[in-house]
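What follows is a short report on a single structure.
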Amino acid sequence: MSDWHKSSYSGGTNECVEVREHSIGADVRDTQNRGSGHLTFSGTEWRAFVTTLHSASE
């Protein structure tokens with residue numbers, strides 16, 4: 001499993017989410033509430049999310 005990381009678009013604030021990608025998908029957590037757990041997305045869900053973000057930014 002990879003380490004947690006946040007987007008380079010987040011800047012210097014902690015008001016964002018962190019992601020760790022793994023073989024079956026990705027986990028997402030709030031940087032201000034790391035101890036509250038995380039959401040897990042399947043590979044299909046994660047790819048759809050990332051694809052949608054890329055499409056929206058074009």
Any Lys/Arg nitrogen of Arg29 or Glu18 sitting under 4.0 Å from an Asp/Glu carboxylate oxygen of the other? yes
Answer whether the closest heavy-atom distance between the side chains of Trp4 and His38 falls below 4.5 Å. yes
Answer yes or no: is there a side-chain heavy-atom contact under 4.5 Å between Trp46 and Val28? yes
Locate the shortest heavy-atom distance separating Arg20 from Asp3; write the atom from each residue and the value. CB-O, 3.8 Å
Tell me the closest heavy-atom pair linking Ala26 and Val19, and the distance in Å.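 That closest heavy-atom pairing would be CB-CG1, 4.2 Å.
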Backbone of Asp27 reached by a side-chain donor or acceptor of Thr40 within 3.5 Å: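 Here the side-chain-to-backbone pair does not exist.
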Is Phe41 reachable from Ile24 through a run of I, L, V, M, F, W or Y residues, each pair having side-chain heavy atoms under 4.5 Å apart?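 Per the 4.5 Å side-chain linkage, Ile24 and Phe41 are not co-clustered.
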